[in-house]
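Chain identifiers are assigned alphabetically (A, B, ...) following the order of the sequence lines, protein sequences preceding nucleic acid strands; residue numbering begins at 1 within each chain.
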Amino acid sequence: MLRIYEITILLIATLVVFSCGTRMRTVALSDVCREPSDNAVKVEGYFRLPQVSDWIGDDYGSGQYRLLLVEKLDGGGSFVTATVSATGSHERNHIDALPASYTYDDVRINTDSGRTVSARERVAVTGRVQKDSNPCILRIERIDTLPL
Amino acid sequence: MHIADRAHRYAAALMINDLRKEKMMKRHLLTILLVLGFSVIGKAQGACNALDVNMGYANNALASSLANTWHIVSDDMQKLLFTPDIWKAELAKVMNCSPSSFPPNWMDRVRTNYDELKAAVESEAKTRVWKERPFQRPTEQALVKAKYTAKYPGLTIYKIGSNYNDWNVFKNSLGIPTNRYVRGEILIKIPGRPYCQAQEWVVKQAYKGGSYGASVAENIGGAGYFVVCP
C-alpha cells in the first residue's frame, strides 16, 4: 500500500516537473518574432554587439543593453535583437557594463550559474518576446551556458 | 686501415645526413611559423564577424524610421546616412576587424531603405518648419542644453521649448507618485550632419521618501527629425 502511495507521489512529481518544462518552448532564432507578444521562449546562440549598443536606462544606475543574439559563431545566420540587464557587480543573468569604447572582446556575460562567459561561448537564453517594435525584441531573463 | 677508413666515411656520411635533417627540420619549422603568422594576421585583418547581422540590424532601424510618420532617425542611423565611412570605421572597431576587410558591396543589405530614407529626410529638411514649443522652463532647459553641448562638441542650439508649463506627476497603480517630468523639444545642428533637426528631451525627478530628487535629463541625443534651419 505504501509502495503504491510512493509511486503515485513520484508520478505526480514527474508530471509536475515535465509540465513546467514544456511551458518553456525552445525555438529557432529565425522563429522568435513569430511568437505571440510576451511569450517566454528559449533560444540558443552567441551574443554580438551592434555598432551602437544603446544604454536603455536612467542615470540612477539601472539599465539594459541592446545586443544581437546570432546563430553562428562566425556571426552568420539568423539573428534577433535582445535586451540584457546591465550590471556593475557581475550579477547573474546580466551583462557587465561596457566601456565607452568597446569591441566584442569586452562582452562579459554572467550566467545563471554564476559563470562569466565571453561572446565566443554559445549560450541558451530564456526571455520574453516584446513586439512593441518591428521586428521584435527578446527581453532576456535567464542565461545558461551549453555543454561543450 | 681499410675498415677504419670505411668507418670514418660512414661517420662522415651520418654527420652530413644529420646536418641535412637539421636543415630540413629548420625549414619545416620556419614554414610552420610562417603559416601560423599569416593565419594570425589573416584572422586579425580577415572577415568581420557578424557584419551581415549588423547590416540586418541597421536595415531594421532604417525601416523603422521609414515607417515612422515623422521619419525620426536614431543618432546611429544619422551617422550611417550622412557619414557612412565613419559609421563603417566604428562598426569595424566593434567587430575587431579592419574597415578594408568589408566587401565592396557591404551596403547592399541596407541600400533600398537607405536610399528611400535619405531622400525623405533631404526633402523634409528643406521643407518642414519646426513648430515652436508653447512654454519655457529655463532651469530644465539649461540642464538639457548643457547635456547636448557636452555630447556633441561644436553643436549649434537654435531654439528650445517645453510642452508643459508645469511638472507632470507620474503615479503608480496605487496612486503613489513615482516621478515627475517635463518634456519638450530642442532645435539643433550637429556637426557633420548637413541639416537641422528637432529632438525630444525629458527632464525627470524621482519621488523618494516624500520629496522629489534632483533633475535628470534622459536620453539626450537619441533621435531626431529633420527640419528647415532657422
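Taken to the nearest 0.5 Å, the SG atom of B:C97 stands 8.0 Å off from the OH atom of A:Y104. The structure places CZ of A:R66 at 5.0 Å from OH of B:Y57, a figure rounded to the nearest 0.5 Å. Summarising the geometry, atom CG belonging to A:D74 is positioned 11.5 Å from atom CG belonging to B:L51; distances are rounded to the nearest 0.5 Å. With rounding to the nearest 0.5 Å, the separation of CD in A:Q51 from CE in B:M77 is 7.0 Å. Taking OG1 from A:T103 and NZ from B:K93, the interatomic distance works out to 7.5 Å, rounded to the nearest 0.5 Å.
Annotation: B:F170, atom CZ; neighbour count of heavy atoms from other residues, nucleotides and ligands within 6.0 Å does not exceed 12. Atom NZ of A:K131 has more than 12 heavy atoms from other residues, nucleotides or ligands within 6.0 Å. A 6.0 Å sphere centred on NZ of B:K189 holds more than 12 heavy atoms belonging to other residues, nucleotides or ligands.
A donor-acceptor pair under 3.5 Å is formed between the side chain of B:N49 and the backbone N or O of A:L73.
Counting heavy-atom pairs under 4.5 Å between each of B:N60, B:D75, B:D52, B:L80 and chain A puts B:N60 at the top.
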